[in-house]
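Side-chain atoms are counted along with the backbone in the values below, which use heavy atoms only and exclude waters and symmetry mates.
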Amino acid sequence: MVSSHGGNSTKPWIVGITGASGAIYGVRLIEAMLAQHIPVHVVITDAGWRVLHEELEWNAARRQETLQEKFGGQVRYYPNQDIGANVASGSFLTSGMVIVPCSMGTLSSIAHGSSDNLMERAADVILKEGRRLFLVPRETPLHAIHLDNMLKLSRMGVRIIPAMPAFYHKPKSMDELIDFMVGKVLDNMEIEHDLYKRWGDGK
């Protein structure tokens, strides 16, 4: 298992990556958190690994080694089948959980209290313990079931942050679009950052 970040008393955040397109959002979020020495525990679904391979050309066959290479051993990784991992227990203290990107399948499972794998169980624990849960769905168009599930979770206090980058900051690259979206997630997590230019800055 990739080692956990040491020497920091801050409670860790759980970051989940599922099979929706936009895996780079999850990767960039982890990078931004590690840059601030925030402990990160990572869960990735099998479909999430496939998207990491398809979109970012990550080696999905050597998962722990790949995360070690990408994040320098600073994250703790749990296979999605490890239903007995510490993040599956409410006694394991965390600051909360972000699933980015969040597939409609995972969102539906969370909305209906399913705990068939570690991703779903960890999210269920966050809800039952009253901690902060943020979901970043990346799907279009949305049908009524998708919208109903998001409304149900929103009414439970889950923050729904759709992957909808803005353009008022006049992005000049794909990286700036990605950083804007990740910055919006960090804003909701109440983590300071300088990933994008805020409205009115510099005027």
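Atom CZ of R138 and atom CE of M181 lie 12.0 Å apart (nearest 0.5 Å). Considering CD1 of I38 and CD1 of I30, their distance stands at 12.0 Å, rounded to 0.5 Å. The CZ atom of F134 sits 6.5 Å away from the CE atom of M189 when rounded to the nearest 0.5 Å. Atoms CG and NZ, on L147 and K152 in that order, are 14.5 Å from each other to the nearest 0.5 Å. Atom CG of residue L107 and atom CG of residue L135 lie 5.5 Å apart, to the nearest 0.5 angstrom. Rounding to the nearest 0.5 Å gives a distance of 8.5 Å between CG of N149 and CE of M104.
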**OP:** Step by step, work out the side-chain contact (heavy atoms from CB on, under 4.5 Å) result for I24 and V182.
**Re:** CA-CA 10 Å; I24 186 60; V182 171; over 6 Å; no
**OP:** Decide yes or no on side-chain contact (heavy atoms from CB on, under 4.5 Å) for F92 and H41, but give the supporting numbers first.
**Re:** CA-CA 12 Å; F92 181 72; H41 293 235; 3.6 Å; yes
Subject >> side-chain contact (heavy atoms from CB on, under 4.5 Å) assessment of R132 paired with W13 >> reply: CA-CA 10 Å; R132 293 179 288 173; W13 281 89; 3.4 Å; yes
Subject >> Residues L186, M33; criterion side-chain contact (heavy atoms from CB on, under 4.5 Å); working and verdict >> reply: CA-CA 9 Å; L186 290 168; M33 294 170 72; 4.2 Å; yes
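Transitive grouping of hydrophobic side chains (ILVMFWY, heavy atoms separated by less than 4.5 Å) keeps M156 and I145 in distinct clusters. Side-chain heavy atoms closer than 4.5 Å link hydrophobic residues (I, L, V, M, F, W, Y) into clusters, and following such links, possibly through other members, connects L34 to L67. Cluster membership for V27 and I161, using ILVMFWY side-chain heavy atoms within less than 4.5 angstrom, is shared. Follow the hydrophobic side-chain contacts under 4.5 Å out from M174 and you reach V185 in the same cluster. Follow the hydrophobic side-chain contacts under 4.5 Å out from V51 and you never reach W49; the two are in separate clusters.
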Compile the donor-acceptor pairs under 3.5 Å between side chains in residues 14-23 and protein atoms, sequence neighbours left out, one pair per line.
from, atom 1, to, atom 2, distance (Å)
T18, OG1, P101, O, 2.8
T18, OG1, S103, N, 2.8
S21, OG, E55, OE2, 2.5

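Side-chain contact annotation: D82 with Y77, donor-acceptor N/O pair under 3.5 Å absent. Side-chain atoms of S114 and D116 form a donor-acceptor pair, as typed in the model, at a separation below 3.5 Å.
At least one side-chain heavy atom of E31 sits under 4.5 Å from a side-chain heavy atom of F71. At a threshold of 4.5 Å between non-hydrogen side-chain atoms, the residues Q81 and L118 do not count as touching. When side chains are defined from C-beta on, V40 does not count as touching R76, because their heavy atoms never get closer than 4.5 Å. Counting only heavy atoms from C-beta outward, the side chains of W199 and H169 never approach each other to under 4.5 Å. Within the 4.5 Å cutoff, no side-chain heavy atoms of Y196 are placed close to those of P165. Using a 4.5 Å heavy-atom threshold, the side chains of R28 and L195 count as touching. Within the 4.5 Å cutoff, the side chain of R62 has no heavy atoms near those of the E69 side chain. Using a 4.5 Å heavy-atom threshold, the side chains of I99 and M97 count as touching.
The pair R63-D46 counts as a salt bridge, with a side-chain nitrogen and a carboxylate oxygen less than 4.0 angstrom apart. Salt-bridge formation is detected for the pair D187/R198: a Lys NZ or Arg NE/NH1/NH2 atom is positioned less than 4.0 Å from an Asp or Glu carboxylate oxygen.
The two atoms that bring Y168 and K197 nearest to each other are CE1-O, 4.0 Å, heavy atoms only. E129 and G90 make their closest contact through OE2-CA, 3.5 Å (heavy atoms, listed as atom of the first residue, atom of the second, distance). Closest heavy-atom contact between A88 and R121: O-NE, 2.9 Å. Considering all non-hydrogen atoms of both residues, P162 and I160 come closest at CD-O, 3.4 Å.
The number of heavy-atom neighbours closer than 6.0 Å to CG of L151, taken from other residues, nucleotides and ligands shown, is above 12. Sparse packing is recorded around CZ of R50, with 12 or fewer heavy atoms of other residues, nucleotides or ligands lying under 6.0 Å away. More than 12 heavy atoms of other residues, nucleotides or ligands shown are found within 6.0 angstrom of NE2 on H193. Around atom NZ of K170, no more than 12 heavy atoms belonging to other residues, nucleotides or ligands sit under 6.0 Å away. The neighbour count for R131 CZ, taken as heavy atoms of other residues, nucleotides or ligands under 6.0 Å away, is above 12.
Pairs of residues two or more places apart, or lying in two chains, that qualify as side chain to side chain donor-acceptor pair (under 3.5 Å) and include a residue from residues 84-100 are Y78-N86, S89-S91.
For H143, the ring-ring contact (aromatic ring centres under 6.0 Å, His included) partners two or more places apart in sequence, or in a different chain, are H146.
At least one donor-acceptor pair under 3.5 Å links the side chain of T66 to the backbone N or O of N59.
For the pairing with L133, the side chain to side chain contact (heavy atoms under 4.5 Å, CB included) check across L153, I126, V125, D124 returns one residue only, I126.
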